[in-house]
Asks: 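Got a structure for you, written out below as structure tokens; questions coming shortly.
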There are 2 protein chains.
Amino acid sequence: MGPQQRRDEVAEGVLAEKINHLLSRLYPEKESRPGYAKLAGQIREQTGKAMSATYLWELASGRKRNLTQDTLVTLAEFFGVPAEYFLDDVVASRVDAQLDLALALRNQKVRSIALRAEGLSDDTLDALLAMVTEARRIERLGPATDSGEPRPERDE
Amino acid sequence: MGPQQRRDEVAEGVLAEKINHLLSRLYPEKESRPGYAKLAGQIREQTGKAMSATYLWELASGRKRNLTQDTLVTLAEFFGVPAEYFLDDVVASRVDAQLDLALALRNQKVRSIALRAEGLSDDTLDALLAMVTEARRIERLGPATDSGEPRPERDE
DNA sequence: ACAGGGCATCCGCTAAAGCGGACGGTTGCT
DNA sequence: AGCAACCGTCCGCTTTAGCGGATGCCCTGT
């Protein structure tokens, strides 16, 4: 339904801001915070994987933004966050519909209906759709927030 | 019925195997399975993002294996799995149990029905459930693979 | 004043992600 | 037979993730 704007302290948005957020969380005091060279060294030592100072800076400054699977896992491991942390924001721009769906599927019966509707013919689906819509009207529920799928969003 | 451990060895952490697994889940009968060209077309159409036939093949055959964030999200969205599926093996096996549901929801009409069924009274849901089950019998489809109930965790 | 270490930033390189356009092989249709 | 459509596979190309090695700026110590 609503894109609940959660404003913890987590900077929503670009990957660079997430990384900076994680960095300043790891080193709250600006003074003690090491440079990118030492940070990269820590990452290498702690995760056993590769990480260069230059690249770390490029990420933090937003010059590179399309991480690779390996790098993603490495950073997630170092910062102690699930790898999803770097992804869910990208997903977030598209999951408003999914969120409603996930919510609806909390009901076991709704889920069973969805499962059994799969594979039925188009005509039957139309009939069922009409029924459930009518039932919704009878029970005086508001119209479902039906978000279409072909989102002609073109950017990036 | 139970979310038992499938005997078909699921992806040992190799990306190619996960992709092939998802592909054969999407198209169980190999007769109807389109080639990589058409599959890439579907991905492009459904997600609105880019995906080439060549690259899809390279992934499925294991020639390229270090996905980028963008590609990761695109594939996850298309297959209806969380992006972590490709990152975390534990998540992968857990999600496999829910794949039937995700598969069913790929049909827009089924999705609409599920959305509109949410909030209806229990009695109405029972009636609808009976209808859709009956429709399934009439159209001579096998009984829906109603897996137990892994909870749809989604919060925070 | 000078030396030196740590810092952010830049430059140029390599390896690989990702794609377009081939090439042959099989299938089915007329 | 021919053809058209589809398939998997390969090749070559552009882009960019990712890194090593400068460069120059601030420090602090001597």
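Order of the sequence lines sets the chain letters (A, B, ...), proteins ahead of strands, with each chain counted from 1. Worth knowing before you read on, the calculation uses all heavy atoms, side chains too, and leaves out hydrogens, waters and symmetry mates.
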Asks: Quick one: does B:Lys49's side chain get under 4.5 Å of B:Val73's, heavy atoms only?
Replies: yes

Asks: Rounded to whole angstroms, how far apart are CH2 on B:Trp57 and P on C:dC23?
Replies: 17 Å

Asks: Can you tell me if B:Lys38 touches the phosphate of D:dC6, counting only side-chain N or O atoms and a distance under 4.0 Å to OP1 or OP2?
Replies: yes

Asks: Rounded to whole Å, how long is the line connecting atom CZ of B:Phe86 with atom C1' of C:dA17?
Replies: 16 Å

Asks: Please report the interatomic distance OH(B:Tyr36) to OH(B:Tyr55), rounded to the nearest 0.5 Å.
Replies: 14.0 Å

Asks: What is the separation between atom CE on B:Met51 and atom P on C:dG18, rounded to the nearest whole Å?
Replies: 8 Å

Asks: Tell me, yes or no, whether the heavy-atom count around B:Arg65 atom CZ, taken from other residues, nucleotides or ligands under 6.0 Å, exceeds 12.
Replies: no

Asks: When rounded to the nearest 0.5 angstrom, what is the spacing between CG in B:Leu15 and CG in B:Leu67?
Replies: 5.0 Å

Asks: Nearest whole Å is fine: how far is C:dG18 C1' from B:Arg65 CZ?
Replies: 16 Å

Asks: In whole Å, what is the span from the CD atom of A:Glu58 to the C1' atom of C:dT9?
Replies: 10 Å

Asks: Select from B:Ser61 and A:Leu56 the residue whose nearest nucleotide in DNA chain D is closer to the 5' end of that strand.
Replies: B:Ser61

Asks: Phosphate oxygens OP1/OP2 of C:dG21: is one of them under 4.0 Å from a side-chain N or O of B:Thr54?
Replies: no

Asks: Nearest whole Å is fine: how far is C:dA17 C1' from B:Leu15 CG?
Replies: 13 Å

Asks: Report yes if a side-chain nitrogen or oxygen of B:Thr71 is closer than 4.0 Å to either non-bridging phosphate oxygen (OP1 or OP2) of C:dG18; otherwise report no.
Replies: yes

Asks: Any N or O donor-acceptor pair under 3.5 Å from the base of D:dG18 to the side chain of A:Ser52?
Replies: no

Asks: Strictly below 4.0 Å: does A:Arg33 bring a side-chain N or O up to OP1 or OP2 of C:dC7?
Replies: no

Asks: Rounded to the nearest Å, what distance is computed from the CG atom of residue A:Leu67 to the C1' atom of nucleotide D:dC19?
Replies: 15 Å

Asks: Could you give the distance from CG (B:Leu75) to NZ (B:Lys18), rounded to the nearest 0.5 Å?
Replies: 12.0 Å

Asks: Can you measure A:Tyr55 atom OH to D:dG20 atom C1' for me and round it to whole angstrom units?
Replies: 15 Å

Asks: At less than 4.0 Å, is any side-chain N or O atom of A:Thr68 found next to OP1 or OP2 of D:dG18? Yes or no.
Replies: yes

Asks: Look at all strands and tell whether A:Ala53 reaches a base, only sugar-phosphate, or nothing, counting heavy atoms closer than 4.0 Å.
Replies: nothing

Asks: Which part of the nucleic acid, if any, lies within reach of A:Ala37 when heavy atoms closer than 4.0 Å are counted: base, sugar-phosphate only, or nothing?
Replies: nothing

Asks: Examine C:dC10: is either OP1 or OP2 under 4.0 Å from a nitrogen or oxygen in the side chain of A:Arg63? Give yes or no.
Replies: yes

